[in-house]
Amino acid sequence: MAVYYAGFIPTGGVYAVLFPDLPGCNTEGATMEGAFAMAIEAVSGHVEAMADDGDAIPAPEELADKLVTAHPVAPAAARDALLHTMACK
């Protein structure tokens, strides 16, 4: 099972979600919980669409290669979410 890491970024009153290993795969949610739910849908749909199109699905990189320092004013939940993983079969 491939594990793709997601970055949760509070911006403009929403939480933007980016997947560094899956260019073009992103989403957002009004709350952190909503962003998590949308992230699961986004990564699953993105990988499924790539497979359906016959595109190569990139292997995820190691988490240590992705860690960044969270902005000091980011909510604690957003900083913690950066360390959560989104698993995709």
Side-chain angles (χ1 to χ4, degrees):
M1 171 175 40
V3 177
Y4 292 95
Y5 298 94
F8 291 78
I9 304 160
T11 180
V14 299
Y15 291 92
V17 185
L18 309 172
F19 294 89
D21 293 324
L22 296 170
C25 184
N26 53 66
T27 190
E28 65 181 38
T31 64
M32 182 59 75
E33 293 80 13
F36 272 112
M38 295 300 293
I40 292 167
E41 282 187 41
V43 74
S44 298
H46 191 84
V47 171
E48 182 178 341
M50 289 180 75
D52 289 348
D53 291 345
D55 296 336
I57 299 171
E61 293 182 24
E62 293 296 318
L63 177 61
D65 297 334
K66 302 262 179 266
L67 289 179
V68 295
T69 303
H71 192 280
V73 297
R79 289 192 309 270
D80 293 344
L82 191 59
L83 300 177
H84 284 267
T85 61
M86 307 308 295
C88 180
K89 293 184 181 181

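Side-chain atoms are counted along with the backbone in the values below, which use heavy atoms only and exclude waters and symmetry mates.
The heavy-atom pair separating Ala51 from Ile57 by the smallest distance is CB-CD1, 4.1 Å. Nearest heavy atom pair, residue Ala42 against residue Asn26, reads CB-O, 4.4 Å. Nearest approach of Pro10 to Tyr15, heavy atoms of both residues: CB-CE2, 3.8 Å.
The distance from the OG1 atom of Thr27 to the CZ atom of Phe8 is 9.5 Å, given to the nearest 0.5 Å.
Shown here are the side chain to side chain contact (heavy atoms under 4.5 Å, CB included) partners of Leu22, two or more places apart in sequence or in another chain: Tyr4, Phe19, Cys25, Val43, His46, Val47, Met50, Pro58.
Between Phe36 and the options Glu33, Met32, Met38, a side-chain contact (heavy atoms from CB on, under 4.5 Å) holds for only Met32.
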